[in-house]
Amino acid sequence: MMKKNVIYYFTLLVFFSYHHDSIAQSQVRNNSLVLNKATQKQLKEYDSFFVENHKRHINDLVELIAIPTMSMKPENRPELKKAADLLKDMLHTIGMDNTEVFFTNELPVVTASYTRNKRQPTILFYGHFDVQPVNEDRWKSDPFSAEIRDERLYGRGATDDKGPIIALISAIEGLIKVDGKLPVNIKLLLDGGEEMGSPHLPIWLASNQEWLSDIDFGVSVDAMMNNDNQGMMWKGLRGAADLEVTITSANTDLHSGIYGGVAPNAALAASKVIASLWNNDGIIAIKGFYDGLRQYSEKERKEIAAVVDQDQQAKDLKKFGIDQWIGEREYSFYERPWIRTSVDITGFKAGYVQGKASIIPHTAWFRMLARTGPDHDPKEVLEMLKKHIKDSLPWGLKVDFKESVMGTAPVFDESDLGFRIGKQVLTDFFGTPPIILYIGGTVPALSSIPDGGGPNLVSVGFQRSDENFHADNEYMRIESFKKGQRIYVNLLHAFVNQLNE
């Protein structure tokens with residue numbers, strides 16, 4: 001859903017190079033962090049497995065893409081079950097244990113485990129297999145019949161997040177096939193409702209505390225890399241809250257010739273309310289609205305500025321045909337969508353739009369999405385928005401609300417062991433440290449899983465910001481898929497003997 005600000009790119013440096021000792025489990029010490037690594041022989045065997053089975057793994061992804069898992073459409077719930085069952089079967093086939101599908105509020109969660117070595121830590125991997133809706137008229141090919149063009153696989157969910165899930169599953173399969181076992185214990189949690197805010201996930205987590213109890217680390221594969229030569233890890237994301245507003249002025253539409261000029265118009269009332277929410281700079285006009293946000297130090301703001309392209313805002317104005325940016329002038333182009341709270345109108349509906357109609361609309365509906373910055377409670381944001389709407393509503397009209405909270409804004413501690421392990425694996429793989437930054441999007445599980453009794457999840461993935469997730473003609477680079485397989489193999493080896501005291 002809801003995620004992933006525009007992130008910027010670099011150039012290819014390394015595909016797959018490690019310098020290893022030939023001992024069975026070579027280890028390298030870096031900044032007091034000891035990382036386990038596979039041997040050179042193992043790496044060659046993994047690589048051979050991936051090459052020999054590449055076509056089959058891509059076909060697995062094509063099969064998963066073919067299922068239109070749009071979770072926000074109730075009529076697609078059977079498709080969610082079909083995809084969940086397919087993933088369950090895939091996991092069982094490669095040798096995972098306890099593969100199950102759970103439904104909570106009609107949304108699925110697929111789980112699997114491999115916990116055969118009690119001396120080793122257990123790592124939770126999270127991903128989601130539901131997707132955004134499509135406008136097929138704007139796609140160059142069928143969004144649910146994956147097509148490869150110029151080494152890019154096009155299809156809805158190709159990069160967000162079905163491709164990363166299949167890369168992870170194939171990496172697990174490779175380890176089991178080559179070594180006969182996994183180097184650590186793992187659990188998988190695959191989400192069928194992320195694109196609509198994972199409303200079922202907190203409920204499922206609360207009912208499965210025992211399943212969570214032995215997990216030491218967490219990894220989200222719904223994550224990105226900068227480019228071919230550099231990985232990426234998220235320092236923080238924004239939370240999210242959704243608010244639907246319905247304004248009613250009468251019990252039916254009215255004839256504009258008879259009642260025009262005397263009857264209140266619901267569309268006009270909604271427009272007045274919406275206009276009152278922002279000042280001319282695009283800043284929320286509610287007094288005290290931003291008070292709950294975390295205040296960043298000058299040092300922290302300099303760190304944010306150090307990882308961005310200062311020319312990008314000018315480039316994007318031209319790219320998107322925008323005259324000017326809006327928002328809080330005292331915060332930078334990047335800080336506003338990364339660490340500040342924004343509110344947007346994401347839909348509006350009133351009256352008759354198929355042609356001319358001489359009516360006064362009696363209802364108007366609009367939807368708002370708040371992206372909340374660190375420490376800004378989404379529930380408090382919703383309450384402020386609702387109060388302002390009620391107070392601003394003219395002519396004694398009625399208003400009804402439908403709301404949902406999709407997660408708070410997580411901020412990750414770079415000194416945590418899991419974060420350090422992920423960072424070192426990416427550094428070793430690419431030959432340069434990953435860029436570490438905030439993004440303005442939301443992955444609900446990154447807050448709901450730790451809040452629900454699970455671990456913090458570090459972001460280790462291979463999505464790229466130009467791959468049109470949430471847009472037309474979504475695609476995944478085949479080369480990125482290959483990198484993802486090898487990164488996940490290296491990551492699993494790196495967790496060996498890394499037990500939190």
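For reference, positions follow the sequence shown, starting with 1. Remember, it's a predicted structure, so these values are computed and weren't measured experimentally.
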Could you give me the CA-CA distance, side-chain angles and deciding distance for Q498 and N36, then say whether side chain to side chain donor-acceptor pair (under 3.5 Å) is met?
CA-CA 9 Å; Q498 298 290 351; N36 188 80; over 6 Å; no
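- Here the straight-line distance linking atom CG of D85 with atom CG of L80 works out to 11.0 Å at 0.5 Å rounding.
- When only modelled atom types and interatomic distance are considered, N59 and E63 share no side-chain donor-acceptor pair under 3.5 Å.
- Within the 3.5 Å criterion, the main-chain N or O of T122 finds no donor-acceptor partner in the side chain of D214.
- Here the side chain of R156 pairs a donor or acceptor atom with the backbone of A471 at under 3.5 angstrom.
- Between the side chain of R77 and the backbone N or O of S71, at least one donor-acceptor pair lies under 3.5 Å.
- Nearest heavy-atom pair across P68 and N76 is O-ND2, 2.6 Å.
- Using cut-offs of 30° and 60° for the angle between ring planes, the Y488 and F462 rings count as tilted.
- At least one side-chain heavy atom of V411 sits under 4.5 Å from a side-chain heavy atom of Y438.
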- request: Apply side chain to side chain contact (heavy atoms under 4.5 Å, CB included) to D242 and M368, showing your working.
  value: CA-CA 6 Å; D242 183 86; M368 311 175 73; over 6 Å; no
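- For D97 (side chain) and Y114 (main-chain N/O), no donor-acceptor pair under 3.5 Å exists by modelled atom type.
- E474 places a side-chain N or O within donor-acceptor distance of the main-chain N or O of G157, the cut-off being under 3.5 Å.
- Side-chain contact between I436 and E303: absent, with no pair of heavy atoms (C-beta onward) separated by less than 4.5 Å.
- At a threshold of 4.0 Å, the pair K423-D416 does not count as salt-bridged, since none of the basic side-chain nitrogens sits closer than that to a carboxylate oxygen.
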| query | Could you walk me through whether E467 and R477 pass the salt bridge (charged side-chain N to carboxylate O under 4.0 Å, His left out) check? | reply | CA-CA 8 Å; E467 291 179 335; R477 289 172 170 84; 3.1 Å; yes
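- The CD atom of Q424 sits 7.0 Å away from the NZ atom of K37 when rounded to the nearest 0.5 Å.
- In summary, the side chains of Q485 and S170 do present a donor paired with an acceptor at a separation below 3.5 Å, with no hydrogens or angles considered.
- Between the side chain of Q120 and the backbone N or O of V496 there is no donor-acceptor pair closer than 3.5 Å.
- Between M90 and I94, the closest side-chain pair of non-hydrogen atoms is not below 4.5 Å.
- Counting only distance, with no hydrogens or angles, the side chain of N229 and the backbone of F430 share no donor-acceptor pair below 3.5 Å.
- You'll find the side chain of D160 stays beyond 4.5 Å of the side chain of V131, heavy atoms only.
- Scanning both residues, G193 and D130, for their nearest heavy atoms gives C-OD2, 3.2 Å.
- Within the 4.5 Å cutoff, the side chain of W139 has no heavy atoms near those of the N468 side chain.
- Here the closest non-hydrogen pair linking V489 and F50 is CG2-CZ, 3.7 Å.
- Between L237 and F412 the shortest side-chain heavy-atom distance falls below 4.5 Å.
- G452 and L212 make their closest contact through O-CD1, 3.6 Å (heavy atoms, listed as atom of the first residue, atom of the second, distance).
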| task | I would like to know whether F481 and L153 meet side chain to side chain contact (heavy atoms under 4.5 Å, CB included); could you show each step before the answer? | result | CA-CA 10 Å; F481 181 83; L153 189 150; over 6 Å; no
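- A salt bridge links E300 and R294; the closest N-O separation between the charged side-chain nitrogens and carboxylate oxygens is under 4.0 Å.
- By the 30° and 60° cut-offs, the orientation of the rings of W325 relative to F333 is tilted.
- Remark: the backbone N or O of R238 is paired with a side-chain donor or acceptor of T442 at under 3.5 angstrom.
- Within the model, atoms CG of L243 and CZ of R367 stand 9.5 Å from one another, a figure rounded to the nearest 0.5 Å.
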Stepwise, does the side chain to side chain donor-acceptor pair (under 3.5 Å) test hold for R336 with S342? CA-CA 8 Å; R336 284 174 241 171; S342 65; over 6 Å; no
Q) Between L61 and M476, is a side chain to side chain contact (heavy atoms under 4.5 Å, CB included) present by the stated rule, with each step listed? A) CA-CA 11 Å; L61 176 55; M476 175 201 67; 3.7 Å; yes
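- Here E414 pairs with K235 in a salt bridge; the nearest charged N to carboxylate O distance falls below 4.0 Å.
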(request) Dump the intermediate steps for side chain to side chain contact (heavy atoms under 4.5 Å, CB included) on N98 and T111, then the final yes or no. (result) CA-CA 8 Å; N98 305 314; T111 64; over 6 Å; no
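- For the pair T341 (side chain) and G373 (backbone), a donor-acceptor distance under 3.5 Å is present.
- Note that CE of M406 and OG of S198 are 10.0 Å apart. Values are rounded to the nearest 0.5 Å.
- Proximity of I322 to D316: side-chain heavy atoms (C-beta onward) are nowhere separated by under 4.5 Å.
- For K162 (side chain) and L64 (main-chain N/O), a donor-acceptor pair under 3.5 Å exists by modelled atom type.
- By the 30° and 60° cut-offs, the orientation of the rings of W204 relative to W211 is perpendicular.
- Going from atom CG of L426 over to atom NZ of K483 covers 12.5 Å, rounded to the nearest 0.5 Å.
- Remark: R486 is not positioned above the aromatic ring of F429, lacking an NZ or CZ atom under 6.0 angstrom from the ring centre and at most 45 degrees off the axis.
- Contact annotation: the side chain of L437 never approaches that of V308 to less than 4.5 Å [non-hydrogen atoms, C-beta and beyond].
- A salt bridge links D309 with K315: the distance from a Lys NZ or Arg NE/NH1/NH2 to an Asp or Glu carboxylate oxygen falls below 4.0 Å.
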